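As structure tokens, the structure follows; a few thoughts come after it.
A quick note: this is a predicted structure, and the numbers were derived from the prediction, not measured.
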Amino acid sequence: MLKSQTGMEDGFLSSVGAEDSKMLEPPTKITALVVDDDTINQMIHHRLLDNLGIRNQVVRNGKEAIDVHCSGKNFDLILMDMEMPATRKLRAMGIQSMIAGVSTNTRERENFMEAGLDDYQEKPLTTSKLVSILHKVHKDG
């Protein structure tokens with residue numbers, strides 16, 4: 001069972017309630033790929049996923065995300081910084097992972113979704129936003 005984790009407030013690391021943790025308990029391990037060129041965002045997203053028991057790997061850009069998939073690795077979830085233009089290429093490769101875009105640019109949300117995203121969340125990513133994404137992965141998986 002996933003346990004509640006408490007971290008920094010104000011949109012970085014917030015607490016997950018027992019109810020959220022119970023709903024996140026997957027039958028199998030969920031895996032995630034974090035694609036972001038900003039080391040602080042990489043650290044935050046990695047730690048949020050770790051705190052929820054999600055195995056994850058971090059890459060710096062869309063090319064590395066494509067290379068990881070070409071090497072044979074598969075992920076249930078890809079958290080994609082929307083400055084990384086790899087979503088269309090990953091979909092063209094037949095990647096079926098849930099791709100959730102994260103960005104500070106809310107004005108471009110429709111364009112992001114048209115690129116093949118399954119979800120979109122505004123930065124900073126928080127535990128509650130990540131839980132929302134994971135519920136969709138769990139529901140679809």
Side-chain angles (χ1 to χ4, degrees), residues 1-106 108-141:
M1 173 120 139
L2 298 171
K3 295 183 180 180
S4 298
Q5 298 288 328
T6 303
M8 297 165 48
E9 294 295 329
D10 297 332
F12 287 99
L13 299 179
S14 58
S15 63
V16 175
E19 185 175 306
D20 287 335
S21 295
K22 189 174 185 179
M23 293 178 78
L24 279 175
E25 189 174 324
T28 59
K29 286 280 189 185
I30 293 174
T31 58
L33 179 65
V34 175
V35 185
D36 203 305
D37 60 342
D38 183 279
T39 54
I40 292 173
N41 285 329
Q42 289 175 357
M43 181 188 70
I44 292 167
H45 298 171
H46 175 73
R47 188 168 297 156
L48 285 169
L49 289 160
D50 272 355
N51 287 345
L52 293 172
I54 308 299
R55 291 186 327 233
N56 65 94
Q57 180 175 342
V58 176
V59 296
R60 294 175 297 181
N61 56 51
K63 181 189 179 316
E64 289 181 7
I66 291 166
D67 290 346
V68 165
H69 280 88
C70 286
S71 75
K73 290 190 178 180
N74 292 306
F75 301 90
D76 301 300
L77 170 65
I78 301 170
L79 290 177
M80 178 80 67
D81 173 34
M82 290 319 303
E83 300 300 317
M84 305 290 118
T87 303
R88 290 185 201 276
K89 175 74 172 168
L90 289 168
R91 291 298 188 216
M93 292 169 54
I95 302 302
Q96 297 297 312
S97 305
M98 172 180 255
I99 302 177
V102 289
S103 178
T104 56
N105 187 352
T106 58
E108 295 292 324
R109 181 181 181 134
E110 286 182 35
N111 291 339
F112 296 154
M113 297 305 287
E114 288 173 9
L117 295 178
D118 298 298
D119 197 2
Y120 168 86
Q121 295 292 333
E122 186 176 342
K123 286 182 183 178
L125 192 62
T126 62
T127 300
S128 62
K129 291 176 184 177
L130 184 55
V131 166
S132 171
I133 294 168
L134 291 171
H135 282 278
K136 293 172 188 168
V137 170
H138 196 30
K139 181 178 172 183
D140 294 341

Check salt bridge (charged side-chain N to carboxylate O under 4.0 Å, His left out) between R91 and all other residues, then give those that pass, not counting sequence neighbours.
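In terms of salt bridge (charged side-chain N to carboxylate O under 4.0 Å, His left out), with neighbours along the sequence ignored, R91 is linked to D118.
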Under the salt bridge (charged side-chain N to carboxylate O under 4.0 Å, His left out) test, which residues partner K89, sequence neighbours left out?
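Counting only residues at least two positions away or on another chain, K89 forms no salt bridge (charged side-chain N to carboxylate O under 4.0 Å, His left out).
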Could you tell me which non-hydrogen atom of Y120 sits nearest to which non-hydrogen atom of E122, and how far apart they are?
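Taking every non-hydrogen atom into account, CE2-N, 4.0 Å.
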Looking only at heavy atoms, which two atoms of G62 and V35 are closest? And how far apart?
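So the minimum-distance heavy-atom pair works out to N-CG1, 4.0 Å.
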Sequence-distant partners of [X], side chain to side chain donor-acceptor pair (under 3.5 Å), two or more places apart:
X    : result
K123 : D36, D81
T31  : D76
R60  : E64
N56  : H46, D50

To the nearest 0.5 Å, tell me how far [X] [atom1] sits from [Y] [atom2].
X    : Y    : atom1 : atom2 : result
L49  : R55  : CG    : CZ    : 12.0 Å
S97  : M80  : OG    : CE    : 9.5 Å
I44  : T39  : CD1   : OG1   : 9.5 Å
H45  : L33  : NE2   : CG    : 12.5 Å
I95  : C70  : CD1   : SG    : 7.5 Å
S103 : L125 : OG    : CG    : 12.0 Å

Would you say [X] and [Y] make side-chain contact, with heavy atoms under 4.5 Å?
X    : Y    : value
D37  : N61  : no
L130 : I54  : no
K129 : V102 : no
K136 : D119 : yes
L117 : M82  : yes

Is it true that a side-chain atom of T87 and a backbone atom of G116 form a donor plus acceptor pair closer than 3.5 Å?
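Between the backbone of G116 and the side chain of T87 there is no qualifying donor-acceptor contact (under 3.5 Å).
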Begin with the C-alpha distance, continue with both residues' side-chain angles, and end with the deciding distance and a verdict on side chain to side chain contact (heavy atoms under 4.5 Å, CB included) for L52 and L134.
CA-CA 10 Å; L52 293 172; L134 291 171; 3.7 Å; yes
Please evaluate residues V59 and D67 with respect to the criterion side chain to side chain contact (heavy atoms under 4.5 Å, CB included), reporting the C-alpha separation (whole Å), side-chain torsions for both, the decisive distance (0.1 Å), and the verdict.
CA-CA 10 Å; V59 296; D67 290 346; over 6 Å; no
